[in-house]
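What follows is one structure encoded as C-alpha cells, with my remarks underneath.
Here is how names work: the chains are called A, B, and so on, in the same order as the sequence lines, proteins then strands, and each is numbered from 1.
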2 protein chains.
Amino acid sequence: MQNIQNLLDNTSLKKTPQRLTILKTIDKYGHIAIEDIYNEVKEQFPSISLATVYKNINALKEENILSEIHPKDVKPKFEITKKPHGHFVCKKCGEVYDFELQNSCQPSLDVIDNIEGSEVYLYGICKKCK
Amino acid sequence: MQNIQNLLDNTSLKKTPQRLTILKTIDKYGHIAIEDIYNEVKEQFPSISLATVYKNINALKEENILSEIHPKDVKPKFEITKKPHGHFVCKKCGEVYDFELQNSCQPSLDVIDNIEGSEVYLYGICKKCK
DNA sequence: GTCCATGCAAACGATTTGCATGCGT
DNA sequence: ACGCATGCAAATCGTTTGCATGGAC
C-alpha cells in the first residue's frame with residue numbers, strides 16, 4: 001500500500017491529524033463502516049465529532065480517494081480506492097473480501113451505449129464461519 | 001408477466017386494493033422507488049399513507065415477492081422477483097435495465113466456502129441519453 | 001368474528017447543515 | 001492572514017413503530 005500521506009497531495013484537502021487517522025484506519029481494516037471509523041479514531045482524538053468523520057468521508061469520496069460499498073443487509077462501508085474488483089460478503093460474520101473480476105459479464109443489451117463502471121457483490125459463507 | 005393477484009396466493013397476505021395497486025405499480029414501471037410508488041398509488045387512494053407503502057414493501061420482500069435493488073447514487077428501488085439477473089443503470093436518466101447474467105465471474109478466492117447469491121450493477125449511459 | 005391492514009402521528013437512526021472556533025498552509 | 005477543518009447542536013431525511021379504526025376472509 002502506498003503512503004497514506006501522498007493520497008492527499010494533488011487535492012485541496014489539508015493534512016489534518018484527524019483526516020490522516022481516518023485514512024489510516026480505513027487502510028488498516030480494508031472495509032469499514034462510519035461508526036467503526038469513528039470509534040477507532042476517537043481513541044486518538046477523544047473530542048472528534050461524528051460529523052467530522054462524515055464530512056471527511058464525503059470530501060475523500062469526492063476526490064475519489066475513497067470508494068463506498070453497500071452490500072445487502074449491511075451498513076455502507078468504505079475502502080481506499082483501488083483498481084476495480086468484486087466483493088465477497090460473508091452472510092454470517094459480515095466480513096468483506098476483495099476478489100479479481102474476470103472481464104466477462106458483458107451483457108448483450110442494446111440499450112447500453114457504453115459502460116463506465118460496475119459493482120459486483122457475491123454473498124455466501126466464508127471458510128472461517130463454516 | 002403472470003397475474004399480479006396470484007402472487008399473493010400462497011401467502012398469508014390479504015389482497016387489499018392498496019396492496020394490489022402497489023404490486024401493479026411496481027410491475028408497470030419495472031423498477032421503482034418508494035416515493036414514486038406512493039405518489040402513483042395516491043392517485044387512486046388519496047388517503048394512503050407512506051407508512052402503508054413501507055409496510056407492504058417489507059411484507060412483500062419477506063415473502064420474496066419483491067426484490068430490492070440499490071445502485072450507487074440512487075434511492076433503493078423495487079422490482080417483482082424474477083430469476084437472477086444484472087442491472088444496468090444509466091448515470092444520466094437513472095433508468096434501470098435488466099440483463100442476463102453469464103455464469104462467469106467465478107472468483108478464485110480461497111476464503112469462500114460457497115456462494116448463495118449475487119448482485120451485479122453496471123453503470124453507463126443508455127442510448128436514449130447519448 | 002377474527003386477524004390482518006390501514007392511516008395517522010410520533011419515534012428513530014443515519015446523515016447533513018450552520019455556525020463559531022481552531023489550525024494547516 | 002486566509003481559508004479550509006473541526007466540533008457541537010440542531011435540522012433533515014428515510015424508515016419504523018404504536019395504536020385506534022377499518023376491511024378481508
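- Within 4.0 Å of P46(B), counting heavy atoms only, lies no atom of the nucleic acid at all.
- With hydrogens and angles left out, the side-chain atoms of E119(A) and H70(B) include no donor and acceptor closer than 3.5 Å.
- Atom C1' of nucleotide dT17(D) and atom CG of N56(B) are separated by 16 Å, given to the nearest angstrom.
- Using a 3.5 Å distance cut-off with no hydrogens or angles, the side chains of E100(B) and H85(B) do not pair a donor with an acceptor.
- Atom CZ in R19(B) sits about 12 Å away from atom C1' in dG23(D), given to the nearest Å.
- For dG22(D), the base has no donor-acceptor partner in the side chain of K14(B) [N/O atoms by modelled type, under 3.5 angstrom].
- Residue T52(B) places none of its side-chain N or O atoms closer than 4.0 Å to OP1 or OP2 of dA5(C).
- Here S47(A) reaches the OP1 or OP2 of dG7(D): one of its side-chain N or O atoms lies under 4.0 Å away.
- Rounded to whole Å, atom P of dT15(C) lies 6 Å from atom CD1 of I34(A).
- E95(B) and K128(B) are not joined by a salt bridge, as no carboxylate oxygen comes within less than 4.0 angstrom of a charged side-chain nitrogen.
- L20(A) places its CG atom 16 Å from the P atom of dC23(C), with the value rounded to the nearest Å.
- Proximity note for T16(B) (side chain, C-beta onward) versus dA24(D), dC8(D), dA14(C): the nearest is dA24(D).
- The NZ atom of K55(B) sits 7 Å away from the C1' atom of dG7(C) (whole-angstrom rounding).
- The distance between atom CZ of F45(B) and atom C1' of dC8(C), rounded to the nearest whole Å, is 18 Å.
- Note: CD (Q18(A)) to P (dG24(C)) measures 8 Å, nearest angstrom.
- Here dT6(D) presents its P atom at 15 Å from NZ of K15(A), a figure rounded to the nearest Å.
- Taking 4.0 angstrom as the limit, N58(B) places a side-chain polar atom (N or O) nearer than this to OP1 or OP2 of dT16(D).
- Within 6.0 Å of atom NZ in K72(B), more than 12 heavy atoms from other residues, nucleotides or ligands are found, so the atom counts as buried in its surroundings.
- Comparing A51(B) and L13(B) against DNA chain D, the residue whose closest nucleotide sits nearer the 5' end is A51(B).
- Distance from the side chain of Y54(A) is smallest to dT16(C) among dG7(C), dC19(C), dT16(C).
- Among the heavy atoms of the strands, none lies under 4.0 Å from E35(B).
- At most 12 non-hydrogen atoms from other residues, nucleotides or ligands lie less than 6.0 angstrom from CG of N10(B).
- Heavy atoms of K75(A) sit under 4.0 angstrom from primed sugar atoms or phosphate atoms, though from no base atom.
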